[in-house]
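This chain uses plain numbering: 1 for the first residue, then up along the sequence. In this text the structure is predicted, and so the values were computed from the model without any measurement. For the numbers below, each heavy atom of this structure counts, side chains included, while hydrogens, waters and symmetry mates do not.
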Amino acid sequence: LLKNNDEFQKSFDIYVQALNIKNDHVGCTVNYGNALLAFTQQEKSVSIFTKANIQYEKALKIEPDDINILGNYGISLQGLGILKQDEILLNNSCKQFEKILDIEPDHVMTLRYYAISFSQLAQLKQNVSFFKAACMQYEKLLEIQPDHVNTLSNYAVTLLKYSILNSETSLNSRANSILEKSLLLNANETYYNASCYYALSNNTKSAQNYLLEAEKNFTLPINSFKHLSDDEDLNNVRHEQWFIDLLERLKEKEQNNKAA
């Protein structure tokens, strides 16, 4: 497991050297793309996502129906689409996931990312049809894995956003029950999404409680300072003093880690 920038860079150099020797080596091409994609978890960069996509596109010319390549390409397109807020990239990620689902209709990981792409498109375009499509994927996922915590909490947030956009308050009770189930199954893994849910609901106190619980239990997202700074779901609490203090703590922690 690569842990820092130097280790990632060394692995990149090895893959580049290997591909200079045999440019059409599928395994090496895919592994280079996977290493680049893994690095985006630490540093979300347009250039890194783009490099990963180039490797996956190259590999797919040789192995066009490889589910693993299609899946990682879709995830990379999705990550870049979210970063750039780009409808075309998000739609293209959906196309990769659809290719997999044509081969394996119940491929759980693909359904999960497919739902996320639709949810991101729905939020970007403020489009009810995309929200419906996301909800359909989440419902299918829950038929297969009814107790998957991340699916439950993501679905709850998506349903709430759909309800807000469409002024369809009947969805609120469904969203609440899904979130409560997720909290009962695994509170630690639900705290962050719960804070987003309650921030969107303008329930500042609950948003605060769950976000501080996520900090306390070390379940905030990777690169927490940037993630929380950018996450629009938290906009309703962004000017609260407790949230400003939290960002300051996360920024200081990040700076200390870099200095260590």
Should [X] and [Y] count as side-chain neighbours, where that means a heavy-atom distance under 4.5 Å?
| X | Y | value |
| --- | --- | --- |
| Lys161 | Leu165 | no |
| Asn235 | Glu232 | yes |
| Met109 | Arg112 | yes |
| Leu228 | Phe243 | yes |
| Ser45 | Leu83 | no |
| Tyr155 | Leu179 | no |
| Trp242 | Thr204 | yes |
| Phe39 | Glu7 | no |

Which heavy-atom pair separates [X] from [Y] by the least distance, and what is that distance?
| X | Y | value |
| --- | --- | --- |
| Val26 | Ala59 | CG1-CB, 4.5 Å |
| Gln123 | Gln126 | O-NE2, 3.0 Å |
| Ala52 | Leu37 | CB-N, 4.2 Å |
| Leu111 | Lys140 | CD2-CD, 4.0 Å |
| Ser195 | Leu211 | OG-CD1, 3.4 Å |
| Tyr56 | Ser76 | CE1-CB, 4.1 Å |

Within the supplied structure, the quantity of interest is the number of heavy atoms (other residues, nucleotides, ligands) at a distance under 6.0 Å from Gln145 CD; does it exceed 12? yes
Do other residues, nucleotides or ligands put more than 12 heavy atoms under 6.0 Å from Lys58 NZ? yes
Keeping the roles fixed (side chain from [X], backbone from [Y]), state whether a donor-acceptor pair exists under 3.5 Å.
| X | Y | value |
| --- | --- | --- |
| Ser119 | Ala115 | no |
| Asn20 | Val16 | yes |
| Gln85 | Ile82 | yes |
| Asn223 | Lys226 | no |
| Asn217 | Thr219 | no |
| Gln78 | Tyr113 | yes |
| Asn154 | Asn150 | yes |

Under 4.5 Å between side-chain heavy atoms, counting indirect links through other Ile/Leu/Val/Met/Phe/Trp/Tyr residues: same cluster for [X] and [Y] or not?
| X | Y | result |
| --- | --- | --- |
| Ile75 | Ile67 | yes |
| Tyr15 | Ile48 | yes |
| Leu90 | Phe97 | yes |
| Leu185 | Leu142 | yes |
| Leu159 | Leu121 | yes |

Pairwise distance [atom1]([X]) to [atom2]([Y]) - rounded to 0.5 angstrom:
| X | Y | atom1 | atom2 | value |
| --- | --- | --- | --- | --- |
| Lys84 | Lys44 | NZ | NZ | 15.5 Å |
| Thr40 | Phe8 | OG1 | CZ | 8.5 Å |
| Ile244 | Leu247 | CD1 | CG | 8.0 Å |
| Ser93 | Leu70 | OG | CG | 12.5 Å |
| Asn34 | Thr29 | CG | OG1 | 10.5 Å |
| His148 | Asn186 | NE2 | CG | 10.5 Å |

May I have the step-by-step check of side-chain contact (heavy atoms from CB on, under 4.5 Å) for Gln120 and Phe130, ending in yes or no? CA-CA 9 Å; Gln120 289 292 325; Phe130 284 133; over 6 Å; no
Test item: side-chain donor near acceptor, [X] and [Y], under 3.5 Å:
| X | Y | result |
| --- | --- | --- |
| Asp13 | Gln9 | yes |
| Tyr191 | Glu215 | no |
| Glu213 | Asn209 | no |
| Asn53 | Glu57 | no |
| Asn172 | Ser163 | yes |

Assess the residue pair Tyr210 and Tyr197 against the criterion (side-chain contact (heavy atoms from CB on, under 4.5 Å)); give the C-alpha distance rounded to whole Å, side-chain angles, the decisive distance to 0.1 Å, and a yes or no. CA-CA 10 Å; Tyr210 284 119; Tyr197 182 94; over 6 Å; no
Run the side-chain hydrogen bond (donor to acceptor under 3.5 Å, both in side chains) test on Gln208 and Tyr198 for me, step by step, so that the C-alpha distance in whole Å, both residues' side-chain angles and the decisive distance to 0.1 Å come before the verdict. CA-CA 9 Å; Gln208 177 184 6; Tyr198 285 111; over 6 Å; no
List the steps, then state whether side-chain contact (heavy atoms from CB on, under 4.5 Å) holds for Ile21 with Gln17. CA-CA 7 Å; Ile21 297 169; Gln17 289 171 18; 5.7 Å; no
Anything under 30° is parallel, anything over 60° is perpendicular, the rest tilted; go ahead and classify Tyr192 against His227.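 Tyr192 and His227: perpendicular rings.
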Determine, stepwise, if the pair Asn256 / Glu252 fulfils side-chain contact (heavy atoms from CB on, under 4.5 Å). CA-CA 6 Å; Asn256 289 340; Glu252 183 179 356; 3.8 Å; yes
Below 4.0 angstrom, N of the basic side chain to O of the carboxylate: do Lys99 and Asp65 qualify? no
